[in-house]
Structures are given as structure tokens and as C-alpha cells.
Amino acid sequence: MKMTKKRLAFFLLHLLFSAVVPIALVIARYSTVADTKAAVGFKISITGVLLLIFVFWVIKKLFIDRKLTDLKAQGNIMLANLKTKQDPAELSALERELKHIKTLEAVFSSIIPLLFIVAGIIAFKALEAQLVTLSATLGYIGISYAVGFIFNVLYSREIRAKNGGDSNGK
């Protein structure tokens, strides 16, 4: 598939509105940066931490899960090759690569639920005071994500053959 300027622009706008803007909103809304000569302080409240976990979960769903799908497909091919190949050196290389892929799959699929459990335990004790601020910030993130969604659809529709012309058939 050919990467055109338009396709690249749509992807970058999708990335900006689906990942960068939500993280920036959370940091801007929940951080206090005191710029003094003695020190620069940075503190994010508990709801800010929870919101960051939520934003990272969304980013995982948008970007990391696609890579995991590719890794699973590669792993299935390697498992099939492991059953049919006879060369010991090739089998050893397949086993090493398969172990690497399966480790990445396990880490990525387990880390987010673990973060949610830990965050939930902490948050239930400290969350109620800042629900209004959290609600407003989630609204802004929702708007940003909706704009990112539009650019993701435009990016997905911008398909060109590597040797082809423009979309009008020229």
C-alpha cells in the first residue's frame, strides 16, 4: 500500500487527536507545575492518574492491539512451521522467535487489566471529591477522540496501490 501525503496527514491527525491531545488534556487539567528557582514540582491527583490509565488503555486499543494481531498471526505461522520443519537450526530459531512473540503477547494483554485493578483499589478511597472535574475532562477527551475517529476513518479510506495513480484512476 502506498503512503501518500494525504494518508500520512490523516494518520498524524488521528494520532494527535486520539493520543497526544487526551494526554495533554489530562496533564494540563490535573498537574501543578511550580516553577521556582529551588525546584520544579509535578504532582498529578488520583483522578488524573486514573484518567491517564484510561487514556493509555484507549491508546492500547487503537495502536498496540493492531500490532498484537500481527504478532498472533506470525505466531500461528511459526507454530505451523514448527510442526513441519526438520532443520534443527531453523527449529531453534523458530522456537526463540515464538517465545519472544508469546512473551510480548502475554505482557501486553495482562498489563492493562492489572493497572485497572490497582487503580480501582486506590481510586475508591479518593475519587468522590473530583468527579465534576473528571466528568468535564472526559467530555473534552471524548470530543478530541471523536475528531481523531474522523481522521482515522479518512486515513483508512486513503488507499493507493504502490504503482497506481490517484483515486480518480488517472
Side-chain angles (χ1 to χ4, degrees), residues 1-27 30-31 42 44-127 134 137-138 141-142 144-164:
M1 189 176 346
K2 184 178 178 182
M3 179 60 80
T4 63
K5 290 179 185 177
K6 197 173 180 182
R7 183 171 168 83
L8 180 62
F10 288 149
F11 176 75
L12 291 175
L13 287 168
H14 164 58
L15 181 67
L16 175 73
F17 286 106
S18 298
V20 176
V21 170
I23 290 173
L25 280 170
V26 170
I27 290 173
Y30 286 100
S31 65
F42 187 78
I44 298 179
S45 67
I46 188 63
T47 52
V49 171
L50 290 175
L51 205 48
L52 275 175
I53 291 172
F54 174 73
V55 168
F56 285 127
W57 176 77
V58 170
I59 291 169
K60 176 193 173 291
K61 286 296 192 186
L62 289 174
F63 303 106
I64 295 174
D65 283 355
R66 291 179 185 172
K67 182 65 175 171
L68 282 175
T69 302
D70 291 341
L71 287 174
K72 286 181 183 182
Q74 289 175 8
N76 289 338
I77 291 169
M78 287 182 186
L79 279 172
N81 286 341
L82 207 56
K83 293 177 182 177
T84 59
K85 301 292 181 182
Q86 300 296 324
D87 183 31
E90 191 175 3
L91 287 172
S92 176
L94 280 171
E95 286 175 353
R96 276 193 311 277
E97 187 63 25
L98 194 56
K99 285 178 185 177
H100 177 72
I101 287 173
K102 292 298 182 183
T103 302
L104 285 175
E105 282 181 40
V107 167
F108 282 125
S109 62
S110 299
I111 195 86
I112 297 299
L114 183 61
L115 286 176
F116 276 119
I117 291 169
V118 170
I121 292 169
I122 295 169
F124 290 138
K125 296 179 181 176
L127 188 63
L134 177 65
T137 305
L138 276 174
I141 288 174
S144 177
Y145 184 76
V147 172
F149 168 76
I150 292 167
F151 285 115
N152 188 27
V153 170
L154 292 172
Y155 166 76
S156 298
R157 294 186 51 80
E158 190 63 30
I159 296 175
R160 302 279 187 272
K162 287 191 177 192
N163 297 329

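Computed from a predicted model, the values in this text were never measured in an experiment.
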So how far is it from [X] [atom1] to [Y] [atom2], rounded to the nearest 0.5 Å?
X	Y	atom1	atom2	answer
Leu12	Tyr155	CG	OH	9.5 Å
Glu158	Lys5	CD	NZ	13.0 Å
Tyr145	Leu138	OH	CG	13.5 Å
Phe11	Thr4	CZ	OG1	13.0 Å
His14	Leu154	NE2	CG	11.5 Å
Ser18	Ile23	OG	CD1	11.0 Å

Output a table of donor-acceptor pairs, distance under 3.5 Å, between side-chain atoms of residues 87-106 and any protein atom two or more places apart or on a different chain; print 'none' if there are none.
residue	atom	partner	partner atom	Å
Asp87	OD2	Glu90	N	3.4
Ser92	OG	Arg96	NH1	3.0
Thr103	OG1	Lys99	O	2.7

